[in-house]
Amino acid sequence: MTFLSNSLIILLVLTCAHLHTPMYFFLGNLAFLDMSYSSVTAPRMLFNFTTQDWSISFPECIAQIFLVIYFAISEVFLLSSMSYDRYAAICHPLHYSQLMSWSTCTQLVSLVWSSALIFPTIYILCLRRLTFCGPNFIHNFFCDLPHLFQISCTDTSMNVLLLTIMGGVLSLLAFVATFYSYLRICSTVLRIRSSDGKRKAFSTCTSHLTVVFIFYVSVTFTYFVPNTSNLLTLNQGVTVIYALITPLLNPLIYSLRSKDLKAALQKQRTVLRGLLQLRP
């Protein structure tokens with residue numbers, strides 16, 4: 001379902017001319033990112049359920065950690081870029097085409113995908129100092145840094161400190177950028193006199209705000225709340241939301257709130273129905 005729903009959004013963004021706008025360009029990238037992120041965790045989980053083989057090799061575990069962190073940080077950057085797009089559209093509508101030109105959009109997306117490689121590379125290099133000699137059971141359905149730290153025989157305080165500082169600073173900067181954008185958006189919208197204008201302005205932002213809220217809450221619980229025995233079940237539940245449910249919810253949230261996506265989907269259904277009726 002995650003693969004199909006996100007693939008559908010990508011297909012609509014690519015094939016429908018009226019969706020060739022910066023907002024849907026970013027949305028297409030978000031759909032591809034969610035599809036990729038889910039592909040790192042879900043297939044392996046389904047394989048484990050099917051075969052009842054719960055083992056994973058250390059290189060596979062490291063590769064999974066790298067990709068999970070890479071796609072998570074890419075989403076942090078991409079959500080911040082999307083909030084800037086909404087800020088430019090609502091607060092500077094007359095200059096929107098200049099602020100969010102196609103060259104600017106492609107540069108932002110290229111920066112998102114390339115700069116996100118730095119952080120998982122640093123984290124993985126720091127794992128080389130760890131040794132594993134005791135219990136090798138990970139209390140999760142995929143490999144992730146906090147759970148790998150728990151089974152290490154080496155002192156992981158420096159690794160935890162690095163994860164907290166780098167992840168905390170990165171998340172804080174991205175959150176401040178998003179919060180500032182929406183603070184300016186709210187200030188601009190409140191100055192609109194007509195209630196209809198306010199409703200239209202806010203309707204373009206509610207989907208993105210919902211996605212940002214779900215993402216940041218789940219990431220905070222996954223990486224910044226200690227994995228104590230009392231919170232183990234809660235952390236596992238939040239991890240399921242973060243890794244499996246969120247990539248499925250994102251396309252549903254945007255498609256339910258976007259009239260353009262609904263119209264594009266209806267148009268494609270009409271075209272497909274017409275092609276089927278023309279078959280001899």
Query raised in the report: Atom CG in L33, atom CG in L79: separation rounded to 0.5 Å?
Result: 8.5 Å

Report task. Decide yes or no for M82 and M23: does some side-chain heavy atom of the first lie under 4.5 Å from some side-chain heavy atom of the second? Result -> no

Requested in this report: Please find out if less than 6.0 Å separates the ring center of F132 from that of F58.
Outcome: yes

Report task. Indicate yes or no: at least one non-hydrogen side-chain atom of T178 is less than 4.5 angstrom from one of Y180. Result -> no

Query raised in the report: Quick one: do the Y24 and H18 side chains pair a donor with an acceptor below 3.5 Å?
Result: no

Query raised in the report: If two hydrophobic side chains count as joined below 4.5 Å and joins carry through other members, does F47 share a cluster with I65?
Result: no

Requested in this report: State the CD1-CG distance between I56 and N136, to the nearest 0.5 angstrom.
Outcome: 12.0 Å

Query - Cluster check I118, L78: I/L/V/M/F/W/Y, side chain < 4.5 angstrom - result: yes

Query - side-chain contact (heavy atoms from CB on, under 4.5 Å) between L148 and I151, intermediate numbers included - result: CA-CA 6 Å; L148 202 64; I151 63 173; 4.2 Å; yes

Query raised in the report: Mind checking whether F175 and V212 have side chains closer than 4.5 Å, heavy atoms only?
Result: no

**Report entry** Residue pair A243 / F142: nearest heavy atoms and the distance that separates them
**Finding:** CB-CE2, 3.9 Å

Requested in this report: Go through the steps for L244 and F141 under the test side-chain contact (heavy atoms from CB on, under 4.5 Å), then give the verdict.
Outcome: CA-CA 11 Å; L244 299 177; F141 62 93; 4.0 Å; yes

Requested in this report: Go through the steps for T188 and R184 under the test side chain to side chain donor-acceptor pair (under 3.5 Å), then give the verdict.
Outcome: CA-CA 6 Å; T188 301; R184 294 292 303 273; 5.5 Å; no

Requested in this report: Kindly state each residue pair satisfying side chain to side chain donor-acceptor pair (under 3.5 Å) with at least one member in residues 102-112, sequence neighbours excluded.
Outcome: S101-S103, S101-T104

Query raised in the report: Hey, does N250 have a side-chain heavy atom less than 4.5 Å from the side chain of F215?
Result: no

Query raised in the report: Do F213 and L209 have side-chain heavy atoms sitting under 4.5 Å apart?
Result: no

Report task. Flag the pair F71 / D34 as yes when at least one side-chain heavy-atom distance between them is below 4.5 Å, and no otherwise. Result -> no

Query raised in the report: Going by atom types only, do Y123 and N159 share a side-chain donor-acceptor pair under 3.5 Å?
Result: no

Query raised in the report: How about W54 and F49: are their ring centres within less than 6.0 Å of each other?
Result: yes

Requested in this report: Could you please spell out the steps behind the side-chain contact (heavy atoms from CB on, under 4.5 Å) verdict for S115 and F77?
Outcome: CA-CA 9 Å; S115 60; F77 290 158; 3.4 Å; yes

Query raised in the report: Out of curiosity, does F26 fall in the hydrophobic cluster containing L11 (side-chain heavy atoms, cut-off under 4.5 Å, transitive links)?
Result: no

Report task. Rounded to the nearest 0.5 Å, what's the gap from CG on N6 to CG on L30? Could you check? Result -> 7.5 Å

Query raised in the report: Taking side chain as C-beta onward, heavy atoms only, is I138 less than 4.5 Å from C143?
Result: yes

Report task. Measure the spacing between CZ of F119 and CD1 of I69 and express it to the nearest 0.5 Å. Result -> 11.5 Å

**Report entry** Atom CZ of F149: over 12 foreign heavy atoms under 6.0 Å
**Finding:** yes

Report summary line: Residue pairs meeting side chain to side chain donor-acceptor pair (under 3.5 Å), one or both in residues 62-84, sequence neighbours left out, come to none

Report task. Answer yes or no: is there a side-chain heavy-atom contact under 4.5 Å between V76 and Y216? Result -> yes

Requested in this report: Output the distance between atom SG (C126) and atom CG (L162), rounded to the nearest 0.5 Å.
Outcome: 5.0 Å

Query raised in the report: At what distance, to the nearest 0.5 angstrom, does OH of Y87 lie from CG of L183?
Result: 11.0 Å

Query - Joint hydrophobic cluster, I122 plus W113, side-chain heavy atoms closer than 4.5 Å - result: yes

Report summary line: Students should find that the hydrophobic cluster of L172, defined by side-chain heavy atoms under 4.5 Å apart, otherwise consists of V176

Requested in this report: Taking all non-hydrogen atoms of both residues into account, name the closest pair between S39 and M35 and its distance.
Outcome: OG-O, 2.7 Å

Query - Steps toward side-chain contact (heavy atoms from CB on, under 4.5 Å) verdict (I124, L127) - result: CA-CA 5 Å; I124 296 302; L127 288 179; 3.9 Å; yes

